[in-house]
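These numbers come from the heavy atoms of this one structure, side chains and all, not from hydrogens, waters or symmetry mates. FYI, the numbering just counts along the sequence from 1.
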Amino acid sequence: MGTEIGNGVLSAVLVQFAPKSAKTMEDVDYNTDRILEFMDRAVTGFPGIDMIVFPECCFQGMCPNLWIKVALKMDSEPIRRVQAKCRELGVWGVFDPWIKPENGGFIENTAIIINDEGEIVHRYVKMNPWLPWEPTAPGHSCGVCQGPKGSRLAVIICADSNYQEIWREAVHNGANVILHVSHWMGPYEEYWKLSNRAGAYFNNVHVLAVNSVGMDEAFVYCGDSMIVDTNGNIIAEAPVGIEWMLRADISPLAADATGIQACGVNRVWESSHRGASCPGQGGQGLGYEDYTVYQK
């Protein structure tokens, strides 16, 4: 598929599945096998797709006491297997393993984007680990990479979405599609839905939000994966509580067009050009300088 714009329509499948809560590396291998099976199903059921997106913890689940035991190196067999599958199928893939850094530091909740040639083209370490349950090292930046069909992709992970700063950071760094990969539990389905819609609406960005289902030692995961347009409308939604593959087409270029010409709904531009219609503002308005929260 490559990164060419083509018809400008990005076709994505979100895989809502139930990873096993891994206690051994054999459990990690089991989850990896299931990931590969879902990838085969996705391209068979939806030929011509550009991207397949998996939830947070897709390799290891979230076994609360054994994260360190089942953490992976970036150059590990499970990750090499999904790289090879992306190359074999000619699709982009988004995955989230617990990573053991090469320098021996604390484990990191890491999302990776793999292109259709099997190359890891983006890594994101969760900036807002879920407190107090997630003892992972926080990341320091929310970067963006070029994706297929004119997309510029950022990833946020689960609890990240509770904080408005991460959404705006991704968009200011150039994202027109935000991939929200999550292991979001019940009974907080409404918070999940609200954060995805609000993130899309306030930032004029497409949101592809994929969540787990199932139950582990402590939590039940609600599913309800969704694809949200730049106005916060849910254009496709998976059921609550069961495994599912959700497909939808979006136009990353539509988000770009909103950012250039859609005065009245371009909330990102307008927030940093306050009062631009006032004759005394020269069409530019004011920025964030009067918000004291950004001065602290």
Starting from F202 and following side-chain heavy-atom contacts under 4.5 Å between hydrophobic residues (I, L, V, M, F, W, Y), which residues can be reached?
Y201

Side-chain heavy atoms of I99 within contact of K73, under 4.5 Å:
no

Interatomic spacing from CD in Q146 to CZ in R152 - rounded to 0.5 Å:
7.0 Å

Same apolar cluster (I L V M F W Y, side chains within < 4.5 Å links), V210/W92:
yes

How far apart are the C-alpha atoms of N266 and N204, what are their side-chain angles, what is the distance that settles it, and do they pass the side-chain contact (heavy atoms from CB on, under 4.5 Å) test?
CA-CA 7 Å; N266 184 352; N204 298 103; 3.9 Å; yes

Beyond-backbone contact of R34 with L36, side-chain heavy atoms, under 4.5 angstrom:
no

For A18 and E243 the tightest heavy-atom approach is N-OE2, 2.9 Å

Dump the intermediate steps for side-chain contact (heavy atoms from CB on, under 4.5 Å) on I114 and V94, then the final yes or no.
CA-CA 6 Å; I114 299 172; V94 183; over 6 Å; no

Between R267 and E270, is a salt bridge (charged side-chain N to carboxylate O under 4.0 Å, His left out) present by the stated rule, with each step listed?
CA-CA 5 Å; R267 291 164 286 274; E270 291 165 7; over 6 Å; no

Would you sort out whether L10 and H206 count as a side-chain contact (heavy atoms from CB on, under 4.5 Å), showing the intermediate values?
CA-CA 11 Å; L10 174 66; H206 295 286; over 6 Å; no

Are F59 and W67 close enough that their ring centres sit under 6.0 Å apart?
no

A side-chain contact here means heavy atoms from C-beta on lying under 4.5 Å apart; do V155 and V181 qualify?
yes

Taking the side chain as every heavy atom from C-beta outward, state whether N109 and V125 have any atom pair closer than 4.5 Å.
no

Whether the side chain of E26 engages the backbone of T24 through a donor-acceptor N/O pair (distance < 3.5 Å, no angle test) should be reported.
no

Residues D116, R87; criterion salt bridge (charged side-chain N to carboxylate O under 4.0 Å, His left out); working and verdict:
CA-CA 5 Å; D116 54 359; R87 183 168 56 249; over 6 Å; no

Decide whether N203 and R168 meet the rule of one side-chain donor and one side-chain acceptor closer than 3.5 Å.
yes

Does V144 belong to the same Ile/Leu/Val/Met/Phe/Trp/Tyr cluster as W167, with side-chain heavy atoms less than 4.5 Å apart forming each link?
no

Can you tell me how far apart CE (M25) and OG1 (T32) are? Round to the nearest 0.5 Å.
8.0 Å

Does a side-chain heavy-atom distance below 4.5 Å link C58 with I35?
yes

Check A200 against V228 and note the closest heavy-atom contact, atom names and distance.
CB-CG1, 3.6 Å

Donor-acceptor pair, side chain of N31 and main chain of K20, under 3.5 angstrom:
yes

Looking at T110 and E108, would you say the former's side chain and the latter's main chain have a donor-acceptor pair under 3.5 Å?
yes

Using ring centroids (six-membered ring only for Trp), state whether H180 and W192 fall under 6.0 Å.
yes

Atom pair NE2 (H122) and CG (L179), whose distance is rounded to the nearest 0.5 Å
8.5 Å

Can a side-chain donor-acceptor contact be found between Y124 and D160 if the only test is distance below 3.5 angstrom?
yes

Test M127 against I157 for side-chain contact (heavy atoms from CB on, under 4.5 Å), laying out the working first.
CA-CA 8 Å; M127 291 184 70; I157 302 173; over 6 Å; no

When rounded to the nearest 0.5 Å, the distance separating CG of L208 from CG of L153 is 9.0 Å

Kindly work out whether a path of hydrophobic side-chain contacts (I/L/V/M/F/W/Y, heavy atoms less than 4.5 Å apart) joins V28 to Y30.
no

Tell me, yes or no, whether the heavy-atom count around F106 atom CZ, taken from other residues, nucleotides or ligands under 6.0 Å, exceeds 12.
no

What residues join V220 in its hydrophobic cluster, counting side-chain heavy atom gaps under 4.5 Å, either direct or through other members?
M215

Taking only residues two or more places apart in sequence, or in another chain, which ones meet D249 in a side chain to side chain donor-acceptor pair (under 3.5 Å)?
S11, R247

Between N115 and V121, which heavy-atom pair has the shortest distance, and what is it?
ND2-CG1, 3.4 Å

Within the side chain of D229, is there an N or O that forms a donor-acceptor pair under 3.5 Å with the backbone of N231?
yes

Quick one: do W130 and F219 satisfy ring pair (Phe, Tyr, Trp, His ring centres under 6.0 Å)? Show the steps, please.
CA-CA 14 Å; W130 184 40; F219 303 106; 5.5 Å; yes

Option among W244, Y221, F54 that satisfies the side chain to side chain contact (heavy atoms under 4.5 Å, CB included) test with F17:
F54

Should L14 and V240 be regarded as members of a common hydrophobic cluster, given that ILVMFWY residues are connected when their side-chain heavy atoms come within less than 4.5 Å of each other, either directly or indirectly?
no

With a 3.5 Å cut-off and no angle check, do the side chains of N211 and Q16 form a donor-acceptor pair?
no

Considering residues, nucleotides and ligands other than I242, do more than 12 of their heavy atoms fall under 6.0 Å from its CD1?
yes

Considering all heavy atoms, the nearest P97-I112 contact:
CD-CG1, 4.4 Å

Starting at CG of L66, measure out to CH2 of W98 and round the result to the nearest 0.5 Å.
12.5 Å

Of all the heavy-atom pairs spanning A236 and A248, show the shortest one and how long it is.
CB-CB, 3.9 Å

Show the numbers, then the answer: is there a salt bridge (charged side-chain N to carboxylate O under 4.0 Å, His left out) between E134 and K126?
CA-CA 11 Å; E134 189 177 348; K126 189 175 184 179; 2.8 Å; yes

Salt-bridge test for E37 and K85: reply yes if a basic N is under 4.0 Å from a carboxylate O, no otherwise.
no

Between R274 and Y291, is any pair of side-chain heavy atoms under 4.5 Å apart?
yes

Regarding E217 and K23, does a basic nitrogen lie under 4.0 Å from an acidic carboxylate oxygen?
yes

Over all atoms of both residues, closest heavy-atom pair of V70 and A22:
CG1-O, 3.9 Å

Does atom OH of Y163 have more than 12 heavy-atom neighbours from other groups under 6.0 Å away?
yes

Minimum side-chain heavy-atom gap I113-I120 below 4.5 Å:
no

Indicate yes or no for a side-chain donor-acceptor contact from Q284 to the backbone of H273 under 3.5 Å, with no hydrogens or angles considered.
no

Donor-acceptor pair, side chain of D96 and main chain of C57, under 3.5 angstrom
yes

Are the side chains of P138 and P129 in contact, using a 4.5 Å heavy-atom criterion?
yes

Point-to-point distance, once rounded to the nearest 0.5 Å, from CD1 of I156 to CD1 of I166
6.5 Å

